[in-house]
Amino acid sequence: MKLKKRRLYMLALAIVICGSVALGGCASGGKTESGEEALSEEENTSGEEALSEEENTSGEESASQGNNVGEFSMQDIEGQAYTQEMFADYDLTMVNVFTTWCSPCVNEIPDLQKLWEEMKDQGINVVGIVLDGVDSSGNADAEVVEKAKVLAEYTGAAYPFLIPDKGFLNGRLLGINAVPETFFVDKEGNIVGETYSGSRSLEEWKEVVLTELKGVAQ
């Protein structure tokens, strides 16, 4: 049964990736009234209801700009623990918050993997946070974690996919209304620069990262 589910997840991911390559973002909370995880037709054809054009092209000021992420402990989808110390080895860490049901989120993961491969030697790290990996009480959702594992395998992502802790990264992950959402953290754990709503291409993300890296260096 588990193998059958895994194959269904793979098929669903193939449909998601092939069917919506031009989308910018999704409204968070993508469950239908029946409880099934799915994108509405409106969400699957346009990210405009969740993102303004300005948010999707230039980023917006982070509500937490200048704040430190604080102490936390999260596990990745394989059960490995991560704390705030994960930021110390890199000048800048891109934190990409996504959900398993969001097609724009899924579509950009291969580009984020390429960005990580090409820029990690320049002091850049990439971390994914699976926002739907927990319920409203902060308890891990085993089915979503399994989907995230399949997603990592399907997209070739080798950077960590983290499951939110019960504190939702000291509140930073609360109130996110559109995914993907991306923000940056320096080696001291400070949230820096801008928060970016919506997906982008590899070249667009490279430009963003270099801009944010210059800001950290100043």
Checklist entry - Would a 4.5 Å heavy-atom cut-off, applied to side chains only, mark N68 and Q84 as touching? => result no
Item to check | Derivation of the side chain to side chain contact (heavy atoms under 4.5 Å, CB included) call for D132 and W101 | outcome: CA-CA 9 Å; D132 60 332; W101 49 262; 3.5 Å; yes
Checklist entry - Any side-chain heavy-atom pair from I109 and Y154 closer than 4.5 angstrom? => result no
Next on the checklist: Main chain of A158, side chain of Q113: is a donor-acceptor contact present, judged purely on distance under 3.5 Å?
Outcome noted: yes
Next on the checklist: So F184 and V209, do their side chains get closer than 4.5 Å, heavy atoms only?
Outcome noted: yes
Checklist entry - Can a donor-acceptor pair be found between the side chains of Y196 and E204 at a distance below 3.5 Å? => result no
Next on the checklist: Please give me the minimum heavy-atom distance between V69 and V185, naming the atom from each residue.
Outcome noted: CG1-CG2, 4.1 Å
Item to check | Heavy-atom check, side chain of D165 versus side chain of S73, under 4.5 Å | outcome: no
Checklist entry - Short question: side chain of T83, backbone of E85 - any donor-acceptor pair under 3.5 Å? => result yes
Item to check | Backbone of E188 reached by a side-chain donor or acceptor of D186 within 3.5 Å | outcome: yes
Checklist entry - M94 and T182: which non-hydrogen atoms are nearest, and at how many Å? => result CG-CG2, 3.5 Å
Next on the checklist: Would I124 and L213 count as a side chain to side chain contact (heavy atoms under 4.5 Å, CB included) here? Give the steps.
Outcome noted: CA-CA 9 Å; I124 305 299; L213 188 59; 4.0 Å; yes
Next on the checklist: Taking atom CD as the centre, does E118 end up with more than 12 heavy-atom neighbours from other residues, nucleotides or ligands that are less than 6.0 angstrom away?
Outcome noted: yes
Item to check | Same cluster (ILVMFWY, side-chain, under 4.5 Å), V97 and Y90 | outcome: no
Item to check | Verdict with supporting geometry, M74 and L169, side chain to side chain contact (heavy atoms under 4.5 Å, CB included) | outcome: CA-CA 8 Å; M74 287 190 279; L169 193 59; 3.9 Å; yes
Checklist entry - Where the side chain of E108 meets the backbone of R200, is there a donor-acceptor pair that is under 3.5 Å apart? => result yes
Checklist entry - What are the two closest non-hydrogen atoms of V130 and P164, and how far apart are they? => result O-CD, 3.1 Å
Next on the checklist: Whether the side chain of D91 engages the backbone of K187 through a donor-acceptor N/O pair (distance < 3.5 Å, no angle test) should be reported.
Outcome noted: no
Checklist outcome for this item: In terms of heavy-atom contacts, V126 and P160 come closest through O-CD, 3.8 Å
Next on the checklist: Under the side-chain contact (heavy atoms from CB on, under 4.5 Å) test against F72, which residue among K166, M86, R172 passes?
Outcome noted: M86
Item to check | Which residues share a ring pair (Phe, Tyr, Trp, His ring centres under 6.0 Å) with F98, sequence neighbours left out | outcome: F161
Checklist entry - Would you call K114-E117 a salt bridge at under 4.0 Å N-O? => result no
